[in-house]
Every structure is written in structure tokens, then in C-alpha cells.
Protein chains: 2
Amino acid sequence: MRIGELSRRTGVHERLLRYYEQQGLLWPERAASGYRSYQESDVDTVVRIRRLLSAGLNTETIAQVLPCVRVKAGNLVPVCPEIVDDLRHQRERITRAIEELQESRDLLDAVIDAAPRTLSSPAARVPA
Amino acid sequence: MRIGELSRRTGVHERLLRYYEQQGLLWPERAASGYRSYQESDVDTVVRIRRLLSAGLNTETIAQVLPCVRVKAGNLVPVCPEIVDDLRHQRERITRAIEELQESRDLLDAVIDAAPRTLSSPAARVPA
DNA sequence: CTTGACTCTGACATGGATGTCAGAGCTTAG
DNA sequence: CTAAGCTCTGACATCCATGTCAGAGTCAAG
């Protein structure tokens with residue numbers, strides 16, 4: 001597929017798809033015309049890129065990580081063991097942030113529960 | 001305490017402490033001189049801010065989340081019912097942030113697991 | 001009081017991700 | 001073939017978190 005379709009299907013601006021390519025995150029084929037030609041699997045890849053970016057990883061890190069992710073989707077493993085420690089570190093960062101947010105949410109729940117229940121929507125709040 | 005000490009104790013550049021204040025993340029008292037005067041609890045707050053930032057949240061999101069955390073430091077909460085709906089929205093925001101981070105973490109896990117286990121610290125990663 | 005350390009505000013700079021536009025070259029329906 | 005719509009590259013602009021500096025005021029030890 002061409003860049004327009006990939007953009008539409010992922011909701012990611014074409015500009016960014018080109019940028020990700022420039023950063024080594026995507027390597028679409030090129031038609032004779034010069035047009036980029038993406039695989040079906042790139043839709044997924046782009047979603048992953050966005051997810052990692054929003055978790056605070058930068059494109060350089062993602063570039064190191066992505067081949068591994070790819071591989072998993074496929075099955076063979078050229079792997080990048082030298083960055084695994086780094087990834088574990090990143091994972092911890094994320095975990096700590098999650099815990100932080102969960103604590104905040106619990107606190108918030110306490111406050112909400114302490115309020116007179118008679119008001120507002122009786123909105124079903126599942127006990128987390 | 002004044003800004004220098006807070007900076008030293010948190011390892012966060014003074015410039016950033018002022019920036020966080022400007023973004024509504026901190027609201028230190030002011031001495032007659034104009035000097036900022038921070039609470040002991042701000043040390044903790046700053047650590048939290050840094051944690052959330054490094055997980056990819058922006059200052060605006062953190063500003064929405066942080067007041068809930070404050071509540072804990074204070075401990076009592078005079079909740080006026082008209083803000084309860086607001087709190088529920090905050091809760092939803094937090095939940096969404098948590099979910100996104102969890103997805104990102106899952107993705108990292110997939111990558112980490114795909115690497116040969118023989119290397120790096122055998123670090124006990126609990127299955128979430 | 002003086003001096004050195006600290007703080008204030010405001011401005012300018014940077015790096016990374018992202019937005020936007022211009023001018024030129026493809027593609028494809030009609 | 002032609003027009004409308006895509007796509008290409010490259011440049012410039014913006015936002016956000018950060019760094020850095022300058023000039024002026026404050027504090028505290030001697």
C-alpha cells in the first residue's frame with residue numbers, strides 16, 4: 001500500500017511516516033516511480049511505534065527494539081541482546097509510573113467514595 | 001526550604017522547578033523577598049513528577065493528576081459534591097494513562113522475552 | 001557594612017517529535 | 001490525453017522539556 005492508505009489506516013500523519021523512515025523505523029519498498037510501498041504488517045508496526053513513543057522511548061531506542069518485535073511477529077531471531085538491559089530499565093520506569101498512577105487512582109477513589117453518594121451519576125465504578 | 005535545597009535534594013535543575021511551577025505542578029509559598037519556599041512534601045512531589053514525565057506523560061496531564069496525590073499528603077478532604085464528577089473524569093484520565101503504559105510495557109516484555117535468556121541479569125520479572 | 005552565595009525574572013537556545021507548505025513528478029478515472 | 005488527486009523532497013515553523021545566561025535583588029557570615 002502507499003503512504004496515503006497507511007496514514008489513513010493508522011491515523012498517523014504522512015509526514016510522520018516519512019520521518020519514522022528517516023529515523024530507521026520503517027523501510028518500505030520503492031516503486032519505480034519512487035513511491036513508497038508498505039507491507040500489510042507495517043500497519044501494525046506503526047501502531048507499535050506510536051505506543052512506544054507515547055511511553056517515552058525515543059526513535060533511536062525504538063529503532064533498536066523494533067527488529068526484535070518484527071522478528072517475533074515472524075519467527076526467526078537475529079536479536080539484540082546488548083540492549084536488553086536497557087529495555088529492562090525502561091520497563092521499570094514504566095512500571096513505577098503505573099504504580100504511581102494506581103496509587104493516585106486509589107486515592108481518588110477514596111475521595112469519591114467519601115463524598116455524599118446521593119449526588120452525581122451513580123456510575124458503576126468497578127473496584128479496579 | 002528554598003529552591004537550591006530542593007534542587008539538590010531531588011537532583012532536578014532549578015530551572016525545571018520554576019518551569020514546573022509555571023505549568024501548575026508546584027505552588028510554593030513566597031517569602032517577603034519573593035523567594036520560593038517549599039514544603040518538605042515537595043521533595044516527594046518532584047520525584048513523582050519526574051517519574052511521570054519519564055513515563056511519557058506531559059506536564060498538562062500531570063497537572064491534572066497531581067492534585068489527587070496531594071490529597072494524601074493533606075489527608076482530609078472536604079469534597080464538595082459538585083466536583084465529584086470532575087474527580088471521576090480525573091479517574092478516567094488516570095485509568096487511560098495506566099492502560100496505555102501497560103500496553104507499552106507489554107510490548108517491551110514481548111521484545112525482552114524474545115531475546116536469549118542466557119544473557120543479562122536473570123532479573124525476576126513477575127508476570128505482571 | 002561588605003562580600004560571596006543564593007534567588008528572582010526574563011530572554012534566548014536546543015533537541016526531538018510534529019505540522020505545514022511549495023514546487024515538481026506520478027497515477028488513474030473519464 | 002487530461003485533470004484531479006497522490007506522492008516526492010526539502011525547507012521552515014511549532015510545541016515541549018530543558019539548558020544557559022544576564023542583570024538585579026536578598027541573605028548571612030565575618
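For the numbers below, each heavy atom of this structure counts, side chains included, while hydrogens, waters and symmetry mates do not. All of these numbers come straight from a predicted model, not from anything done at the bench. Every chain is numbered from 1, with letters handed out A, B, ... down the list of sequences.
- D:dA17 atom P lies 16 Å from atom CG of A:N58, rounded to whole Å.
- Atom P of nucleotide D:dC16 and atom CD1 of B:I49 are separated by 17 Å, given to the nearest angstrom.
- Place A:S33 and A:L16 on DNA chain C by their nearest nucleotides, and A:L16 ends up nearer the 5' end.
- The base of D:dC27 is not paired with the side chain of B:Y35 by any donor and acceptor separated by under 3.5 Å.
- The nearest heavy atom of DNA chain D to B:Q23 and to A:Y38 marks one nucleotide each, and the one closer to the 5' end goes with A:Y38.
- As rounded to whole Å, 11 Å separates atom C1' of D:dT9 from atom CZ of A:R15.
- Regarding contacts with the backbone of C:dC8, a side-chain N or O of B:R18 is found under 4.0 angstrom from either OP1 or OP2.
- For the atom pair CD of A:Q90 and CD1 of B:I112, the computed distance is 9.0 Å after rounding to the nearest 0.5 Å.
- Shown for residues 1-12 of chain B: residues whose heavy atoms fall under 4.0 angstrom of DNA chain C, namely B:R2, B:I3, B:G4.
- When the nearest nucleotides of DNA chain D are assigned to B:A31 and B:L57 by heavy-atom distance, the more 5′-ward of the two goes with B:L57.
- With rounding to whole Å, B:L17 atom CG is found 11 Å from D:dG19 atom P.
- For the pairing with B:E5, the salt bridge (charged side-chain N to carboxylate O under 4.0 Å, His left out) check across B:R9, B:R2, B:R8 returns one residue only, B:R9.
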Please step through salt bridge (charged side-chain N to carboxylate O under 4.0 Å, His left out) for the pair B:E21 and B:R15, ending with a clear verdict. CA-CA 10 Å; B:E21 176 179 353; B:R15 169 71 176 80; over 6 Å; no

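- If you take CG of B:L53 and P of C:dG16, they are 18 Å apart, rounded to a whole angstrom.
- Distances shown here put a side-chain N or O of B:R30 below 4.0 Å from the OP1 or OP2 atom of C:dT9.
- Between B:H13 atom NE2 and C:dC6 atom C1' there is a gap of 14 Å when expressed in whole angstrom units.
- Counting heavy atoms from C-beta on, the side chains of B:R36 and B:E29 never come closer than 4.5 Å.
- Between the side chain of A:N58 and the main chain of A:T61, a donor-acceptor pair closer than 3.5 Å is present.
- Computed from coordinates, the B:E14 CD to D:dT18 P distance equals 15 Å when rounded to whole Å.
- The shortest distance between side-chain heavy atoms of B:Y38 and B:T45 does not fall below 4.5 Å.
- Proximity of B:Y19 to the phosphate of D:dC16: no side-chain N or O atom is located under 4.0 Å from OP1 or OP2.
- One interatomic measurement links the two molecules: CD of B:Q22 to C1' of C:dA11, which rounds to 12 Å at whole-angstrom precision.
- Residue A:R36 has a polar side-chain atom (N or O) positioned under 4.0 Å from OP1 or OP2 of D:dT9.
- Between B:R105 and A:T95, the side chains place a donor N or O and an acceptor N or O closer than 3.5 Å (distance only, hydrogens not considered).
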